[in-house]
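As structure tokens, the structure follows; a few thoughts come after it.
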Amino acid sequence: MRMRACILLVLSLSAVPGWAGLHPRIFVRHDAATTGQGPTVSQLRARLKDPVYARWRAAVNRQGSSATLERAARYLETGDPAEVQAVRDFLTSHTFSYAKQDVGGFLAGAEMATAFDWTYDGLSVADRRSAMDNIVATCDSSFAFLVHGQPDINHNYTYMALNTVAVCGLVLQGEPQPYGDKSAGYLALARDFLEGPGMVLDTWSAREGAWGEGSHYTFHETVRNLVMMLAAFRSATDRDYFAEARIRYNDFPAKVGRFLIYSTRPDLTFERTGDTSANRVQAALTVPVTVEALAAGLGDSADAARLRSFGDDLLAAYGDKAVEPGMGWGMRIFFDPRASRTPSYRTLPLAVRMGAGTYEQIVFRNGWARDSTQITILAGDHFTDHQHFDKGQFLIYHGGALAVDGGAYDGMYKPGAHPNEYASRTLAHNCLLVYDPEQQFPSGYTNDGGQNVIRGKQHHADWPAFLAHREVEGLHTAEVLAYDAAERYDYLRVDLTKAYSAKIRHYERQFVYLPAADFLLVFDRVSAARPDYQKRWLLHFQEPPEVDGAAPDAGVRAYPDVRLVTERRQDGALFIRTLLPAPHKTTVVGGPGYEYYNLFTGIDYPPSSPAVAAESRESGKWRIEVSPELPAEEDRFLNVLQIAGSGATPAEARLVTGADGLAGAQISDRVVIFTAGALPARYEVSSSTPAGHLLVQLPPLSDVTVHINGISLGTQKVNAQGVLSFQDRGTGARRVEILAATP
């Protein structure tokens, strides 16, 4: 019934006055068009005289559907018969399919149909029929995938195929049979996928615009195809999905734009999360076009202005390499030099939680300048095989990548090789390993002591299907228990128990970031099923670290009770002090032949080609593994990470402990305490100046009294995230007590 309703609605569009038979209609509109939004042909041609657009008219020196689309755009702008001839030759002689060209088969259909739309009036009737035959043959492959290929609402293939089906349907509408019927079928399916209950619009609304397939697929493929599809509907019909989303779908397009901005580091490259190719870490190539198309859809909003200001920074940073030559048409169509860039993206909050309750990517920053710090944390659900088994993973950037994501995107599903044994595994990430020698991983995966390996679960046709399977298939891998962002601190508490097998009874990881001082405290409390299960706290580096001032040799070397580990990278430095466990051992692993080494198997798992682990990928050539010297069921790890410029010197950090598992650190006049979730909380500090205290994991919204050396500072209220902050106004040795307030 839903499909039939969509067909009737789509067929009715051909009766819209001023629409049927007019080409172009995709992104650019016929001068006589009275429907849709976007530049007309005359407006596009006027831009030829504007020097702002000249930089995006680079020569096209290759073949393929994307190059053909660029030639079609030039015909649209100039009417050059040589351009239309090249487009005609391609469209009348090529077909593509998922079976033969994989991803390329999905992408080609939308590009071919758009090129056809733009050159329509330059093609003969016979050429049009020949081209439409090939467009239909290409689109039918994407159509069949969406109908019979078990598409997943959370996977990039769905959006590549859907964009082709939608654009082909829009372009072929109004053509003689059989193309008209094909158009109706394509558009019915596209609208069903977009608007159906739990489908695309509902899914992106629920996920708050956050996506987790690595920068390779998230931004260059999934987001781009989603935005282009919505832009195509906006220009070719009176349906403006961008406007509808603001009201009905949680304003997700604006949140997509913010997710893109927050996923970009101060060096204007993408964070290395999930499957990320060395050449796709750049926020360039296809990305500026996506930014401008999304900004155009968002209209005159503040989010559009922020996106445009962000796009300007990308263009300035990447210069002539900002836009892939075959994508220049997109800048000439969507870029608007006169649109507002105020407010700038630099006015966005420095801390953000994206995809709350779903993907959960949290970012802490202390500024928007190139020398600012960015910390990215992953803490949510598992959706697709392009994600890694890295819940609780954190990355640090300051003047260079200081804590990195290990491994490289070297294909998938390769038993005994880099993708299966290292890059996707917990071992390659800044997470915790708990080694149960009897644990059985799926076939093709050996034991790394890490999180559960989840494969073959990409079968969720809609969002309700994903939610129905989330618990039973182990996809709800991490849960944020508390998140708080204030001027003086950022806080995150995550339950990671479900990411692991029964070898772990309970595991929580907490982060406190002090942006002004640039300190990150990472506190782990983990309870294993048996005391003899080895626990190892991992941190990965691109350069060899110093251990108490000494540079380790390549290989594996263990050090007892290390006081300081130092990583220097370009213009940044990271100083790591391990305060818990005590006593502990720090093992350094790395260097030639040990970059991707599993200590449990005694095997290094390098990628198949050095090119996939090029320097831009920052695949992590060194790491430390911190482990307790004494076996215990429960262990606490407290690491204080000082983030600084390359010439900085390390500050001291002193362990603070108390009863019931309370632990924390004093860093000069700052005290951070991780409580055990109950009152009272008691500890001692000493400093020559008054100190600021931050306590986390207290009973939320409870009234407490703070006592310093027995003197009450009065009653205060713990906030909703379990955080209490106060100044003690004392000096010397102090005994601090946090007590439940009495009525």
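The first residue in the sequence is number 1, and the count goes up from there.
Between the side chains of Ser65 and Glu111, at least one donor N or O lies within less than 3.5 Å of an accepting N or O. No donor-acceptor contact under 3.5 angstrom links the side chains of Asp303 and Ser301, judged on distance only. In the model, Thr286 has no side-chain atom that pairs as donor or acceptor with a side-chain atom of Glu324 under 3.5 Å. Side-chain polar atoms of Asp275 and His388 form a donor-acceptor pair below 3.5 angstrom. Judged purely by distance below 3.5 Å, without hydrogens or angles, the side chains of Gln393 and Asp405 pair a donor atom with an acceptor atom. In this structure, a donor-acceptor pair under 3.5 Å is absent between the side chains of Arg224 and Asn163. Residues Tyr413 and Asp385 bring a donor and an acceptor atom of their side chains to less than 3.5 Å of each other.
Arg234 CZ to Asp240 CG: the interatomic distance, rounded to the nearest 0.5 Å, is 5.0 Å. Note: His220 NE2 to Asn156 CG = 12.5 Å, rounded to the nearest 0.5 Å. The structure places OG1 of Thr276 at 11.0 Å from CD of Glu213, a figure rounded to the nearest 0.5 Å. Between the CD1 atom of Ile135 and the OG1 atom of Thr95 there is a distance of 11.5 Å, given to the nearest 0.5 Å. Taking CD from Glu244 and CZ from Phe233, the interatomic distance works out to 11.0 Å, rounded to the nearest 0.5 Å. One finds the OG1 atom of Thr34 at 8.0 Å from the CG atom of Leu22 (value rounded to the nearest 0.5 Å).
Of the possible polar contacts, one joining the Thr68 side chain to the Gly64 backbone as a donor-acceptor pair under 3.5 Å is found. Judged purely by atom type and a 3.5 angstrom limit, Gln361 has no side-chain atom pairing as donor or acceptor with the backbone of Arg353. No donor-acceptor distance shorter than 3.5 angstrom exists from the side chain of Asp484 to the backbone of Gln721, with no hydrogens or angles considered.
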Report task. Go through the steps for Gln37 and Ser235 under the test side chain to side chain donor-acceptor pair (under 3.5 Å), then give the verdict. Result -> CA-CA 5 Å; Gln37 300 178 62; Ser235 64; over 6 Å; no
Query raised in the report: Between Ile261 and Leu348, is a side-chain contact (heavy atoms from CB on, under 4.5 Å) present by the stated rule, with each step listed?
Result: CA-CA 10 Å; Ile261 292 170; Leu348 286 167; 4.2 Å; yes
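With sequence neighbours left out, Trp56 forms a ring-ring contact (aromatic ring centres under 6.0 Å, His included) with Phe335. Listed by chain and number, the residues in a ring-ring contact (aromatic ring centres under 6.0 Å, His included) with Tyr345 are Phe310, Trp368 (sequence neighbours excluded). By the salt bridge (charged side-chain N to carboxylate O under 4.0 Å, His left out) test, Asp140 pairs with Lys182, sequence neighbours left out. Residues forming a salt bridge (charged side-chain N to carboxylate O under 4.0 Å, His left out) with Asp390 (at least two apart in sequence, or on another chain): none. With sequence neighbours excluded, the residues forming a side chain to side chain donor-acceptor pair (under 3.5 Å) with Thr376 are Glu271, Gln374, listed by chain and number. The ring-ring contact (aromatic ring centres under 6.0 Å, His included) check on Tyr397 picks up nothing, with sequence neighbours excluded. With sequence neighbours excluded, the residues that form a ring-ring contact (aromatic ring centres under 6.0 Å, His included) with Tyr120 are His23, Phe116. The side chain to side chain donor-acceptor pair (under 3.5 Å) search around Ser42 returns Asp31, not counting sequence neighbours. Contacts of Gln282 classified as side-chain contact (heavy atoms from CB on, under 4.5 Å), with partners at least two apart in sequence or in another chain: Ala284, Leu285, Tyr318. Residues meeting the salt bridge (charged side-chain N to carboxylate O under 4.0 Å, His left out) test with Arg341, sequence neighbours left out: Asp312.
Across Gly36 and Arg29, no two heavy atoms sit closer than the pair O-NH1, 3.4 Å. In this structure, Ala190 and Leu162 approach most closely via the heavy-atom pair CA-CD1, 3.8 Å. Val167 approaches Ala110 most closely through the heavy-atom pair CG1-O, 3.8 Å. Between Leu307 and Val291, the closest heavy-atom pair is O-CG1, 3.3 Å. Residue Gly105 comes nearest to Ser142 through the heavy atom pair O-OG, 4.2 Å, listed as atom of the first residue, atom of the second, then distance. The shortest heavy-atom contact between Met112 and His94 is CE-O, 3.4 Å.
Put simply, the side chain of Thr40 does not reach to within 4.5 Å of the side chain of His30, judged on heavy atoms. The shortest side-chain heavy-atom distance between Ile362 and Ile375 does not fall under the 4.5 Å cut-off. The shortest distance between side-chain heavy atoms of Leu268 and Asp313 falls below 4.5 Å. Taking 4.5 Å as the limit, every side-chain heavy atom of Thr273 sits out of range of all side-chain heavy atoms of Ser215. In this structure the side chain of Phe27 never reaches within 4.5 angstrom of the side chain of Asp117, judged on heavy atoms. A 4.5 Å side-chain heavy-atom check between Glu77 and Arg47 finds every atom pair outside the cut-off. Contact annotation: the side chain of Tyr359 approaches that of Phe259 to within less than 4.5 Å [non-hydrogen atoms, C-beta and beyond].
When ring centroids are compared, His429 and Phe389 stay outside the 6.0 Å threshold. Between Phe394 and Phe511, the distance separating the two ring centers is shorter than 6.0 angstrom. Ring centers of Phe219 and Phe270: under 6.0 Å apart, within the cut-off. Aromatic rings of Trp211 and Tyr159 (six-membered ring for Trp) have centroids within the 6.0 Å cut-off, being under it.
Residues in residues 136-156 take part in these ring pair (Phe, Tyr, Trp, His ring centres under 6.0 Å) pairs, two or more places apart or across chains: Tyr98-Phe145, Phe106-Phe145, Phe143-Tyr186, His155-Tyr157, His155-His386.
The existence of a salt bridge linking Arg239 and Glu195 is confirmed by a sub-4.0 Å separation between a basic side-chain nitrogen and an acidic carboxylate oxygen. Between Arg258 and Glu208 there is no salt bridge, since no side-chain nitrogen of the basic residue lies less than 4.0 Å from a carboxylate oxygen of the acidic one.
The aromatic rings of Tyr483 and Phe364 sit parallel, their planes meeting at an angle under 30°, below the 60° perpendicular limit.
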Going by atom type alone, with no hydrogens or angles, which donor-acceptor pairs under 3.5 Å involve a side-chain atom of residues 462-471 and a protein atom two or more places apart or on another chain?
residue, atom, partner, partner atom, Å
Asp462, OD1, Ala465, N, 2.8
His469, ND1, Ala465, O, 2.7
Arg470, NH1, Gly357, O, 3.2
Arg470, NH1, Asp381, OD2, 2.7
Glu471, OE1, Lys498, NZ, 3.2

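Judged by the 6.0 Å and 45° rule, Arg246 forms no cation-pi pair with Phe252.
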